Peer 1: 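Before I ask anything, let me first share the structure, which is written out below as structure tokens.
Nothing here was measured: the structure is a model prediction, and the numbers come from that model.
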Amino acid sequence: MNDFSVTFVVGATSESEALKTTVNYIMEHCSPADVARILIVRTKNAPPETVAASGAMERRYPETVSGMVQTRPYVGGAIRDGFDTAKSSHILLLPGDLAIGLQAVPKLIEAEKETPDAIVKTSRWLDADAFHGYSRSRKCFNSCAQVFLRVLYRSELSDLTNPVQIMPTALYRSIDWRELGFPFLAEMVLAPLRLGAAFREIPASCFGRTEGKSSNSFLQTAMYLKTALRIRFTKPVRLLKPNEQAAGETAGKGES
């Protein structure tokens, strides 16, 4: 497609080497024409090594990589801060801790070029043995969550809680996002799904954290349920920003 470009938003909390590996991989394996910007969004209290790693990448790729300190709170706030700055046709979320195999990144982009109005997302459940460094109980819990959400949303997607995906910037900007904490990761998938967005999935490996410390918790993960139920039982038009709601209602009257 014409004018296709991607803003990568890479979240960083306490990573350094993993963060540099992520940025270097994008620059080495993705077409320069596709990469509009790599934005590293870090927390206000990021450790010195994370700040140094971000700075090193900005100096190495000054035309492409930039860093920013989040202003909204929590992980969802950081992601939203980053996405709100995008001037590209598409946006792509990546963790800075190598939680998802980077080999999926070029595949996401090429698949999105084929269906630029859709969302192409990674799935940890399409390939056997995709989970690495996950406890048996954690993997079982995730599997049960996928079954529950597939039934709740009447969806055939295999991974409804993994937000590593590429989506049109216009679609992102049309949605009235509500979450700031970890439930935003689920909202990123479930709100577009409830709105009827088309999805494609590609397989990806996932890895437990080997650097830094996770800020997630079981309680925060359990809060996904509240977000999932809210979105599922909200009328789709109410998931849009007010101006988008008005436009949809006007279009509907014109068709009647």
Side-chain angles (χ1 to χ4, degrees), residues 1-11 36-37 39 41 43-44 66 68-94 108 112 115-121 148-150 152-155 157 160-200 220-256:
M1 65 174 291
N2 294 329
D3 301 321
F4 179 94
S5 62
V6 183
T7 295
F8 294 79
V9 171
V10 181
R37 188 184 183 201
L39 178 61
V41 185
T43 59
K44 293 179 180 179
S66 57
M68 68 176 288
V69 178
Q70 69 182 91
T71 56
R72 293 185 180 100
Y74 313 123
V75 64
I79 297 168
R80 290 169 60 181
D81 283 349
F83 282 164
D84 286 351
T85 71
K87 295 180 174 63
S88 54
S89 64
H90 289 75
I91 52 179
L92 196 161
L93 172 65
L94 274 179
L108 285 170
E112 186 69 12
T115 54
D117 295 327
I119 295 175
V120 180
K121 68 182 304 299
F148 172 78
L149 290 173
R150 277 196 293 273
L152 182 66
Y153 281 82
R154 300 176 183 175
S155 172
L157 290 178
L160 291 124
T161 58
N162 175 22
V164 178
Q165 61 189 29
I166 182 171
M167 67 188 298
T169 304
L171 174 58
Y172 167 80
R173 290 190 171 140
S174 72
I175 297 174
D176 185 17
W177 305 102
R178 299 292 184 87
E179 305 295 343
L180 288 172
F182 275 92
F184 177 71
L185 304 179
E187 187 179 28
M188 274 190 66
V189 179
L190 298 178
L193 183 65
R194 178 68 173 140
L195 286 166
F199 278 82
R200 293 178 61 186
Q220 289 170 321
T221 301
M223 289 174 64
Y224 283 23
L225 176 60
K226 180 180 178 181
T227 298
L229 292 172
R230 170 182 65 80
I231 294 170
R232 176 61 181 86
F233 296 108
T234 297
K235 291 182 179 180
V237 70
R238 297 302 177 191
L239 296 173
L240 297 171
K241 290 180 178 176
N243 60 315
E244 297 289 339
Q245 293 181 26
E249 291 170 357
T250 300
K253 290 178 181 177
E255 294 171 358
S256 59

Peer 1: Can you name the residues that form a side-chain hydrogen bond (donor to acceptor under 3.5 Å, both in side chains) with T115, not counting sequence neighbours?
Peer 2: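 side-chain hydrogen bond (donor to acceptor under 3.5 Å, both in side chains) check on T115 returns nothing, list empty.
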Peer 1: Quick one: CG on L193 to CZ on R154, what's the gap to the nearest 0.5 Å?
Peer 2: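 One gets 12.5 Å once the value is rounded to the nearest 0.5 Å.
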Peer 1: Of all heavy-atom pairs between M223 and P183, which one has the smallest distance, and what is that distance?
Peer 2: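 Shortest heavy-atom contact: CB-CG, 3.9 Å.
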Peer 1: Got a second to check how far K121's NZ is from R200's CZ, nearest 0.5 Å?
Peer 2: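 Taking NZ in K121 and CZ in R200, the distance rounds to 13.5 Å.
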Peer 1: What is the minimum heavy-atom distance between I91 and A86, and which atoms define it?
Peer 2: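 What the structure gives for the nearest pair is CG2-CB, 3.6 Å.
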Peer 1: Verify side chain to side chain contact (heavy atoms under 4.5 Å, CB included) between T234 and R178, making sure each step is shown before the conclusion.
Peer 2: CA-CA 12 Å; T234 297; R178 299 292 184 87; over 6 Å; no
Peer 1: Is the shortest side-chain heavy-atom distance between P73 and L180 below 4.5 Å?
Peer 2: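 In short, these two side chains touch, coming nearer than 4.5 Å.
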Peer 1: What residues form a salt bridge (Lys or Arg N to Asp or Glu O under 4.0 Å) with R232, not counting sequence neighbours?
Peer 2: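 None.
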Peer 1: Please enumerate all residues that pass side-chain hydrogen bond (donor to acceptor under 3.5 Å, both in side chains) together with T169, with sequence neighbours excluded.
Peer 2: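 T169 satisfies side-chain hydrogen bond (donor to acceptor under 3.5 Å, both in side chains) with no other residue.
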Peer 1: Could you grab the distance from atom CG of L225 to atom CG of L229, nearest 0.5 Å is fine?
Peer 2: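 Nearest 0.5 Å value for the CG-CG distance: 4.5 Å.
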Peer 1: Mind checking what makes salt bridge (Lys or Arg N to Asp or Glu O under 4.0 Å) contact with R37, not counting sequence neighbours?
Peer 2: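 Expected list: none.
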Peer 1: Nearest 0.5 Å, what's the CD1-CZ distance between I166 and F8?
Peer 2: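 If we round to the nearest 0.5 Å, I166:CD1 and F8:CZ are 7.0 Å apart.
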Peer 1: So which heavy atom on L157 is nearest to which on L160, and how close?
Peer 2: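 That would be O-CD1, 3.7 Å.
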Peer 1: Once side-chain hydrogen bond (donor to acceptor under 3.5 Å, both in side chains) is applied, do any residues pair with R230, and if so which ones, sequence neighbours excluded?
Peer 2: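 Partners of R230 under the side-chain hydrogen bond (donor to acceptor under 3.5 Å, both in side chains) test: E179, E187.
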Peer 1: Using side chain to side chain contact (heavy atoms under 4.5 Å, CB included), reason through Q165 and L108 one step at a time and then give a plain yes or no.
Peer 2: CA-CA 7 Å; Q165 61 189 29; L108 285 170; 5.7 Å; no
Peer 1: Please name the pair of heavy atoms, one in A186 and one in Y224, separated by the smallest distance, quoted to 0.1 Å.
Peer 2: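 Heavy atoms of A186 and Y224 come nearest at CB-CD2, 4.0 Å.
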Peer 1: Check whether any side-chain N or O of D81 sits under 3.5 Å from a backbone N or O of Q70 as a donor-acceptor pair, and report yes or no.
Peer 2: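 Not a single qualifying donor-acceptor pair exists.
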Peer 1: Who passes side-chain contact (heavy atoms from CB on, under 4.5 Å) against A36, sequence neighbours left out?
Peer 2: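 Applying side-chain contact (heavy atoms from CB on, under 4.5 Å) to A36 gives S5, T7, S88.
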Peer 1: How would you list, by chain and number, every residue that makes a salt bridge (Lys or Arg N to Asp or Glu O under 4.0 Å) with R173, sequence neighbours excluded?
Peer 2: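 Salt bridge (Lys or Arg N to Asp or Glu O under 4.0 Å) check on R173 returns nothing, list empty.
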Peer 1: Might you point out which heavy atoms bring K241 and I175 nearest each other, and give the distance in Å?
Peer 2: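 Smallest heavy-atom distance, with atoms named: CE-O, 3.3 Å.
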Peer 1: Could you work out, with side-chain contact (heavy atoms from CB on, under 4.5 Å) as the rule, every residue matching A228, not counting sequence neighbours?
Peer 2: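 side-chain contact (heavy atoms from CB on, under 4.5 Å) check on A228 returns L149, L152, Y153, L190.
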Peer 1: For D117, check salt bridge (Lys or Arg N to Asp or Glu O under 4.0 Å) against everything at least two apart and list the hits.
Peer 2: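 Partners of D117 under the salt bridge (Lys or Arg N to Asp or Glu O under 4.0 Å) test: none.
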Peer 1: Return the CG to CG distance between N162 and L185, rounded to the nearest 0.5 Å.
Peer 2: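 These two atoms lie 9.0 Å from each other.
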Peer 1: Can you name the residues that form a side-chain contact (heavy atoms from CB on, under 4.5 Å) with A197, not counting sequence neighbours?
Peer 2: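 A197 satisfies side-chain contact (heavy atoms from CB on, under 4.5 Å) with I119, L171, P192, F199 once adjacent residues are dropped.
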Peer 1: How long is the straight-line distance from CE of M167 back to CZ of F83, given to the nearest 0.5 Å?
Peer 2: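 One gets 7.5 Å once the value is rounded to the nearest 0.5 Å.
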Peer 1: Please check: side-chain N/O of W177 versus main-chain N/O of Y172, any donor-acceptor pairing under 3.5 Å?
Peer 2: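 Judged by distance alone, yes, a pair lies under 3.5 Å.
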Peer 1: Which residues satisfy the side-chain contact (heavy atoms from CB on, under 4.5 Å) test with P236, sequence neighbours excluded?
Peer 2: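 With neighbours one apart ignored, the set is R194, L195.
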